[in-house]
Amino acid sequence: MTLRNIGHESTAGSHAGVQLLIPQPLHDELSLAAKWIAQREGLLQDIDLRASARKRVFGTFQLLSLEHFEGLLALVSEAAYAPACSIYKAQFDAFTRGAWYRRCATDAQVLGFLRAEQRPPSFAAISRDLSDSGLWGDRATKLAVMSFQTSLCDVSHGGRQEVLSRIKADRLDDAHLLPSIAKLVRSGAYLSMLACREIVDSGKNERQMIRLRNAFDALYRPAPKRRARRVRRHIADAFA
């Protein structure tokens, strides 16, 4: 299970977006995630998700997505890596469905869901409808998230490749997944930020959106690289 390479993007925004998906060691990722959860809870407290049928539907999906992320962290903390992969897929599905009901669904589709007369569309249909919505921030980040989600499907569904990987490693547990679990936690954190963004954006509160973005970036956005100092030049100047 690996995060596949993606095509080159020329914009600085795309590069920064993909950098947000590059993990630190697992222990550090869990620590960052705990801090992020503590901060984002305060940013969502005053948002009313009962104002309309659409808000009730998409808001509940996004809150469910956030709950799945907390479940993912609990499972990873207990070294239950395969179940954590499965709950990531549940987090991903809840997030994309919530985004679809907010951005793409007709009023009739929203009411049809509330009345238990219609189910959410297929993932392929949701992905197609959301493709040009700006949901992911940029194309490179979207491709990275989608590629990672796809790579988890075999694990979460108990597929052929997952079983063969365990046999090849001569293990019956999920320890072979460990090298990718930090990526799992980072990707889950990024999805949770997008879920929060969907909720906050529905309130049209720009100040709160800035606070949300700053809180996440302070924890996860890589610091810009510093230019290497010209040590030899300084030494030469000192002895001039």
Side-chain angles (χ1 to χ4, degrees), residues 6 13-14 17 20-21 37 40-41 43-72 85-159 184 187-206 208-209 212-213 216:
I6 56 178
S14 296
L20 288 174
L21 299 176
I37 287 175
R40 59 97 167 148
E41 285 180 347
L43 295 171
L44 301 180
Q45 286 180 349
D46 299 328
I47 299 176
D48 183 9
L49 293 172
R50 298 169 296 177
S52 68
R54 188 177 298 272
K55 276 194 171 185
R56 286 197 298 274
V57 172
F58 90 76
T60 303
F61 268 115
Q62 297 303 359
L63 291 175
L64 178 61
S65 177
L66 294 176
E67 289 179 20
H68 284 321
F69 178 55
E70 294 186 32
L72 182 155
C85 292
S86 296
I87 206 168
Y88 175 87
K89 186 176 186 306
Q91 178 192 0
F92 185 93
D93 289 349
F95 166 70
T96 52
R97 285 172 174 170
W100 185 85
Y101 275 108
R102 178 185 172 223
R103 295 166 176 258
C104 306
T106 64
D107 290 342
Q109 287 171 320
V110 171
L111 292 176
F113 178 82
L114 279 175
R115 295 167 181 165
E117 297 171 353
Q118 296 184 28
R119 297 174 61 86
S122 67
F123 175 72
I126 288 176
S127 179
R128 182 186 64 243
D129 291 346
L130 289 174
S131 61
D132 298 320
S133 67
L135 177 66
W136 304 106
D138 58 75
R139 181 174 178 272
T141 306
K142 173 195 169 185
L143 290 175
V145 173
M146 298 293 284
S147 175
F148 190 58
Q149 190 271 347
T150 300
S151 72
L152 291 178
C153 285
D154 192 77
V155 180
S156 61
H157 294 155
L184 180 76
S187 189
Y190 187 71
L191 277 185
S192 75
M193 185 276 289
L194 294 181
C196 291
R197 190 182 68 181
E198 288 292 289
I199 293 172
V200 172
D201 190 47
S202 70
K204 305 301 180 184
N205 187 327
E206 183 61 27
Q208 201 163 9
M209 181 64 78
L212 174 72
R213 195 160 50 234
F216 188 82

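Basis for what follows: all heavy atoms, side chains included, without hydrogens, waters or symmetry-related copies. Throughout, residue positions are numbered sequentially from 1 according to the sequence presented. Computed from a prediction, not measured in an experiment: that's the story for all the values here.
Minimum heavy-atom separation, Leu191 to Phe95: CD2-CD2, 3.8 Å. Phe61 and Gly98 make their closest contact through CB-CA, 3.5 Å (heavy atoms, listed as atom of the first residue, atom of the second, distance). Closest approach of Leu49 and Gly59 over heavy atoms only: CD1-CA, 3.9 Å. The heavy-atom pair separating Gln91 from Leu72 by the smallest distance is OE1-CD1, 4.1 Å. Across all their heavy atoms, Gly188 and Tyr88 have their closest contact at N-CE1, 3.6 Å. Minimum heavy-atom separation, Cys104 to Asp129: SG-O, 3.7 Å.
In terms of the side-chain hydrogen bond (donor to acceptor under 3.5 Å, both in side chains) criterion, residue partners of Gln109 (sequence neighbours excluded) are, by chain and number, Thr106. With sequence neighbours excluded, no residue satisfies side-chain hydrogen bond (donor to acceptor under 3.5 Å, both in side chains) with Ser65.
Note that the CZ atom of Arg213 and the SG atom of Cys196 stand 13.5 Å from one another [nearest 0.5 Å]. Rounded to the nearest 0.5 angstrom, Trp100 CH2 and Ser127 OG are separated by 13.5 Å. The distance from the CG atom of Asp48 to the CD1 atom of Ile199 is 12.0 Å, given to the nearest 0.5 Å. Taken to the nearest 0.5 Å, the CG atom of Leu63 stands 12.5 Å off from the CD atom of Glu198. The OG atom of Ser202 sits 9.5 Å away from the CD atom of Gln62 when rounded to the nearest 0.5 Å.
Between Asp93 and Arg97 there is no salt bridge, since no side-chain N of the basic residue sits under 4.0 Å from a carboxylate O of the acidic one.
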* Would you sort out whether Ile37 and Phe69 count as a side chain to side chain contact (heavy atoms under 4.5 Å, CB included), showing the intermediate values? => CA-CA 9 Å; Ile37 287 175; Phe69 178 55; 4.1 Å; yes
* **Check against salt bridge (charged side-chain N to carboxylate O under 4.0 Å, His left out), Glu70 and Arg40** => CA-CA 12 Å; Glu70 294 186 32; Arg40 59 97 167 148; 3.0 Å; yes
* To do: Would you please test Thr96 and Phe92 for side chain to side chain contact (heavy atoms under 4.5 Å, CB included) and show each step?
  => CA-CA 6 Å; Thr96 52; Phe92 185 93; 3.7 Å; yes
* To do: Dump the intermediate steps for salt bridge (charged side-chain N to carboxylate O under 4.0 Å, His left out) on Asp107 and Arg54, then the final yes or no.
  => CA-CA 8 Å; Asp107 290 342; Arg54 188 177 298 272; 2.8 Å; yes
* To do: Using the salt bridge (charged side-chain N to carboxylate O under 4.0 Å, His left out) rule, take Asp201 and Arg102 through it: C-alpha gap first, then chi angles, then the decisive distance, then the call.
  => CA-CA 11 Å; Asp201 190 47; Arg102 178 185 172 223; 2.6 Å; yes
* List the steps and the verdict of side chain to side chain contact (heavy atoms under 4.5 Å, CB included) for Leu194 and Arg197. => CA-CA 5 Å; Leu194 294 181; Arg197 190 182 68 181; 3.6 Å; yes
* CA sep, side-chain torsions, deciding dist, call: Leu66, Leu44, side chain to side chain contact (heavy atoms under 4.5 Å, CB included) -> CA-CA 11 Å; Leu66 294 176; Leu44 301 180; 3.7 Å; yes
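Counting only heavy atoms from C-beta outward, the side chains of His68 and Lys89 never approach each other to under 4.5 Å.
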